[in-house]
2 protein chains.
Amino acid sequence: MKINLEEIARRSGVSRSTVSRVVNDDPNVNAGTRERVKTVIRQLNFQPNAAARSLASGRTRVLGLVIPQGVGALFADPYFAILIQGIASACNAHDHSVMLWLAEPEYERRMIRQLLHSGMIDGVIVSSMLLDDSLVPALIDNQKPFVLVGRHPSKPEVNYVDSDNENGAWAAVAHLLRLGRQRVATITGPSNMVAGADRRAGFVRALRERGLALDPDLLAEGDFTEAGGYLAMQRLLPHKPDALFAASDMMAQGALRALREAGRRVPEDVAVVGFDDIPTAARLEPPLTTVRQPIQRLGTTAVELLIELIDQPGSAPRRVLLATEFVIRKSCGAN
Amino acid sequence: MKINLEEIARRSGVSRSTVSRVVNDDPNVNAGTRERVKTVIRQLNFQPNAAARSLASGRTRVLGLVIPQGVGALFADPYFAILIQGIASACNAHDHSVMLWLAEPEYERRMIRQLLHSGMIDGVIVSSMLLDDSLVPALIDNQKPFVLVGRHPSKPEVNYVDSDNENGAWAAVAHLLRLGRQRVATITGPSNMVAGADRRAGFVRALRERGLALDPDLLAEGDFTEAGGYLAMQRLLPHKPDALFAASDMMAQGALRALREAGRRVPEDVAVVGFDDIPTAARLEPPLTTVRQPIQRLGTTAVELLIELIDQPGSAPRRVLLATEFVIRKSCGAN
DNA sequence: AAATTTCTTGGGAGCGCTCCCAATAGCCGA
DNA sequence: TCGGCTATTGGGAGCGCTCCCAAGAAATTT
């Protein structure tokens with residue numbers, strides 16, 4: 001049996017319009033009528049048709065989530081899983097749904113067209129990893145509301161949520177220096193990702209504040225993966241660092257493996273600090289000192305920002321930096 | 001400027017109907033006309049309105065993906081990330097989209113209503129972990145096409161895709177026995193998940209085939225997490241196992257940690273085999289022998305099955321078991 | 001040459017909802 | 001008692017598309 005507004009209306013002796021008002025919590029309905037209609041709705045388990053609704057209203061209550069596919073390797077990092085969880089959870093709480101788009105190069109053109117012109121979604125959350133993403137300009141040109149998870153360096157007018165990567169990194173490195181470490185090395189993220197650049201900036205600033213110069217031999221570029229961290233650490237080893245700041249826990253894990261193989265003790269010979277505080281960080285050997293970033297809150301905040309943006313188009317751009325937390329465990333040699 | 005079928009029709013000198021035919025690749029269009037229309041469509045970057053389309057046709061070309069929220073801990077396992085990737089990728093290839101639903105208990109009622117009655121999606125993929133899921137009966141009652149990722153034990157009529165967990169586990173344990181191990185222990189998954197039960201069944205069968213009885217002291221229940229594996233191993237240690245089959249790599253990782261702390265050498269004192277072949281398995285200490293399951297293909301297969309099911313409702317239920325692959329590394333003591 | 005079939009096209013009738021305006025009923029104060 | 005208010009309700013007009021039927025043109029048959 002086909003059940004729609006009209007059917008509910010018939011069964012509760014009112015008009016389609018009144019049922020619509022009840023469904024949408026319009027206050028202009030008599031309290032008794034409202035109850036009567038609601039009862040019928042519950043009885044029939046009625047749910048208004050989403051397509052008809054968005055066709056008539058122009059809103060879908062669906063948010064798009066775009067995640068760069070990259071190599072599948074990136075997915076080994078729990079970061080995305082937790083982010084997705086935060087986003088989905090906030091969407092639930094705000095009665096929205098999430099549509100997921102993995103940005104695979106071969107589908108990108110179609111993806112952008114769908115995102116922008118099909119009317120499927122009201123706004124987009126972009127987990128922005130790459131600096132040269134063609135998606136952001138397209139979104140701006142087409143006035144599609146969107147929020148970046150991760151700061152965007154060049155366009156000042158975009159809305160974003162990010163962890164305070166620079167200060168987080170700064171705190172970690174400052175701590176290592178305060179402990180008396182002399183040769184602090186770093187494994188950075190890829191240079192084309194903002195998060196990597198920001199953490200590196202924090203590293204540099206901490207050195208500067210102590211009057212130390214940046215020794216290029218003590219800086220190795222990684223790719224946020226375990227394997228990348230392992231290789232980077234092998235490049236650093238000949239230069240005898242006595243401390244390491246790795247720009248992600250996955251890379252720190254790889255570095256620990258390289259150190260172990262080389263017979264260096266952690267933290268005695270080399271103190272190690274990571275970034276992220278992924279679930280396994282506390283269970284590494286030794287437990288990893290790290291900078292915790294609130295990944296889940298990154299997601300919920302992005303959703304809230306985006307929904308505001310959809311409700312009030314043209315409001316001033318908003319940028320949110322969430323504080324990180326320095327978590328001391330064994331690997332830095334001070335607890 | 002508002003651009004729709006009618007507008008494209010006007011600009012290319014044909015009717016709305018003809019444009020619709022072109023958009024939908026209907027063969028009944030003159031080749032010349034088709035080209036003309038396509039040119040205009042490309043020029044204006046036209047994308048048909050999704051809401052109108054599904055309102056008129058009753059199809060949305062959107063698949064729902066339901067993942068049990070559980071404790072966030074589950075998300076630390078790369079399994080879901082890879083599965084999502086497989087599903088999203090296959091959806092792209094078939095010109096569908098994915099809508100993501102994390103099954104949080106407090107939203108479950110609304111979720112089920114939306115899933116079933118809002119017409120938002122054409123079908124559902126359920127990453128079925130729990131035996132007693134109330135979603136499955138609801139889907140059956142409402143004739144919503146759906147596919148389970150993970151075998152369903154009780155309802156024979158449901159469609160599912162799964163890894164061949166039992167044979168995979170059997171192969172691993174048979175290998176350990178063939179190497180001459182006498183006291184093979186296992187850390188199982190939670191008893192309310194089918195994958196856990198199936199892997200345990202494979203373990204038992206391998207023992208039986210060698211005429212060995214199941215020693216309850218050598219069986220500990222875990223929860224597919226690293227921490228769970230660690231605790232389970234501690235319970236097993238007093239019973240002096242000389243080999244371990246862990247029902248997931250994450251649990252194997254925890255077990256390795258417990259063994260290391262207890263001063264047991266792997267593989268000399270205890271040979272260890274995991275299950276999954278997650279990206280980090282090869283980088284554990286020692287590299288983990290494991291049963292690789294094709295997680296990504298689980299996802300793509302589920303999508304293909306579901307789309308078939310949507311196109312041909314009422315076809316015979318289909319069940320697919322994908323073969324696993326035994327991957328030998330250091331931790332089992334034979335390579 | 002007429003009749004039939006095939007190819008191609010156009011237009012009407014919805015799909016189920018929201019939005020707007022008009023209509024009715026009930027209420028107030030003068 | 002009457003005009004003007006407000007509270008509540010009903011119904012028409014789309015939103016942009018698909019589906020179906022019919023019509024004309026072109027091609028084929030007899």
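Chain naming here is simple, since letters A, B, ... match the order of the sequence lines and numbering starts at 1 in each.
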Undergrad: Ignoring hydrogens and angles, write down the donor-acceptor pairs under 3.5 Å from the side chains of residues 112-119 of chain A, residues two or more places apart or on other chains.
TA:
unit_1   : atom_1 : unit_2   : atom_2 : d
A:Arg113 : NE     : B:Gln47  : OE1    : 3.1
A:Arg113 : NH2    : B:Gln47  : OE1    : 3.1
A:Ser118 : OG     : A:Gln114 : O      : 2.8
A:Ser118 : OG     : A:Met120 : N      : 3.2

Undergrad: Applying side chain to side chain donor-acceptor pair (under 3.5 Å), name anything that partners A:Arg110, two or more places apart in sequence or on another chain.
TA: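 For A:Arg110 there are no side chain to side chain donor-acceptor pair (under 3.5 Å) partners, ignoring immediate neighbours.
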Undergrad: Suppose the criterion is salt bridge (charged side-chain N to carboxylate O under 4.0 Å, His left out): which pairs have a residue in residues 16-34 of chain A, not counting sequence neighbours?
TA: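 Sorted pair list: A:Glu6-A:Arg16.
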Undergrad: Within the 4.0 Å heavy-atom criterion, would you say B:Val29 contacts the bases, only the backbone, or no part of the nucleic acid?
TA: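 Sugar-phosphate, backbone atoms only, no base.
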Undergrad: Find the bend of the helix from C:dA1-D:dT30 to C:dA30-D:dT1 as the angle between its two terminal axes (five pairs each), to the nearest 10°.
TA: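 The angle, to the nearest 10 degrees, is 40°.
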Undergrad: Give a yes or no on whether the backbone of B:Leu321 and the side-chain of B:Asp162 come within a donor-acceptor separation of less than 3.5 Å.
TA: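 Judged by distance alone, no pair lies under 3.5 Å.
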Undergrad: Go through the structure and list residues passing side chain to side chain donor-acceptor pair (under 3.5 Å) with A:Asp311, not counting sequence neighbours.
TA: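 A:Asp311 satisfies side chain to side chain donor-acceptor pair (under 3.5 Å) with A:Arg59 only.
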Undergrad: Verify, without hydrogens or angle tests, whether A:Thr300 (side chain) and A:Arg297 (backbone) share a donor-acceptor contact under 3.5 angstrom.
TA: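 Side chain of A:Thr300 to backbone of A:Arg297, a donor-acceptor pair under 3.5 Å: yes, one is there.
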Undergrad: Got a sec, which residues hit side chain to side chain donor-acceptor pair (under 3.5 Å) with B:Ser54, two or more places apart in sequence or on another chain?
TA: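 Not a single residue meets the side chain to side chain donor-acceptor pair (under 3.5 Å) criterion with B:Ser54.
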Undergrad: Verify, without hydrogens or angle tests, whether A:Arg151 (side chain) and A:Val194 (backbone) share a donor-acceptor contact under 3.5 angstrom.
TA: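 The answer is no, because no donor-acceptor pair under 3.5 Å joins these two groups.
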Undergrad: Quick one: on DNA chain C, does A:Ile3 or B:Arg16 contact a more 5' nucleotide (nearest heavy atom)?
TA: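 Taking each residue's closest nucleotide, the earlier one in sequence belongs to B:Arg16.
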Undergrad: What nucleic acid atoms does A:Thr33 come within less than 4.0 Å of, heavy atoms only: base, sugar-phosphate, or nothing?
TA: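 Sugar-phosphate: the residue A:Thr33, judged by heavy atoms under 4.0 Å, touches backbone atoms but no base.
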Undergrad: Verify, without hydrogens or angle tests, whether B:Asp122 (side chain) and B:Thr60 (backbone) share a donor-acceptor contact under 3.5 angstrom.
TA: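 Such a contact is found between B:Asp122 side chain and B:Thr60 backbone.
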Undergrad: So which protein N/O to nucleotides 4-6 of chain C N/O distances come out below 3.5 Å?
TA:
none

Undergrad: Taking all atoms of both residues into account, what is the closest heavy-atom pair of A:Ser12 and A:Val40, and its distance?
TA: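 So the minimum-distance heavy-atom pair works out to CB-CG2, 3.7 Å.
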Undergrad: With a 4.0 angstrom cut-off to heavy atoms of chain A, pull out the first and last contacting nucleotide of DNA chain D, in 5'-to-3' order.
TA: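 Taking any atom under 4.0 Å from a heavy atom of chain A, the span is D:dT8 to D:dG16.
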Undergrad: Distance-only check: which donor-acceptor pairs under 3.5 Å involve side-chain atoms of residues 140-150 of chain A, not counting sequence neighbours?
TA:
unit_1   : atom_1 : unit_2   : atom_2 : d
A:Asn142 : ND2    : A:Ala138 : O      : 2.8
A:Lys144 : NZ     : A:Ile121 : O      : 3.0

Undergrad: Using a cut-off of 4.0 Å on non-hydrogen atoms, how would the nucleic acid contact of A:Asn30 be classed: base, sugar-phosphate, or nothing?
TA: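 Counting heavy atoms under 4.0 Å across all strands, the contact made by A:Asn30 is with sugar-phosphate only.
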Undergrad: Looking only at non-hydrogen atoms, find the nearest pair between B:Pro48 and B:Val23 and report the distance.
TA: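 Answer, listing the atom of B:Pro48 first, then B:Val23: CG-CG1, 3.9 Å.
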Undergrad: Does a side chain donor of either A:Arg36 or A:Asn30 reach within less than 3.5 Å of an acceptor in the other side chain?
TA: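 No, no side-chain donor-acceptor contact under 3.5 Å.
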Undergrad: If you find the nucleotide of DNA chain C closest to B:Ser57 and the one closest to B:Val14, which residue's nucleotide is nearer the 5' end?
TA: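 Closest to the 5' end, via its nearest nucleotide, is B:Val14.
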Undergrad: Just jot down the side chain to side chain donor-acceptor pair (under 3.5 Å) partners of A:Arg319, sequence neighbours excluded, or say none.
TA: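 For A:Arg319, no residue satisfies side chain to side chain donor-acceptor pair (under 3.5 Å) once neighbours in sequence are set aside.
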Undergrad: Between residues 35-52 of chain B and DNA chain D, which residues have a heavy-atom gap below 4.0 Å?
TA: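 Hits under 4.0 Å, by residue number: B:Phe46, B:Pro48, B:Asn49, B:Ala52.
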Undergrad: Give each protein N/O atom lying under 3.5 Å from an N/O atom of nucleotides 22-25 of chain C, with the pair distance.
TA:
none

Undergrad: Backbone N or O of B:Pro317 within a donor-acceptor pair of the B:Asn159 side chain at under 3.5 Å?
TA: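 Flag not set: sc B:Asn159 to bb B:Pro317 has no pair under 3.5 Å.
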Undergrad: Could you please spell out the steps behind the side-chain contact (heavy atoms from CB on, under 4.5 Å) verdict for B:Leu100 and A:Ile87?
TA: CA-CA 10 Å; B:Leu100 189 64; A:Ile87 289 173; over 6 Å; no
Undergrad: Just checking B:Ser17: base, sugar-phosphate only, or nothing, at a heavy-atom cut-off of under 4.0 Å?
TA: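 It contacts base atoms.
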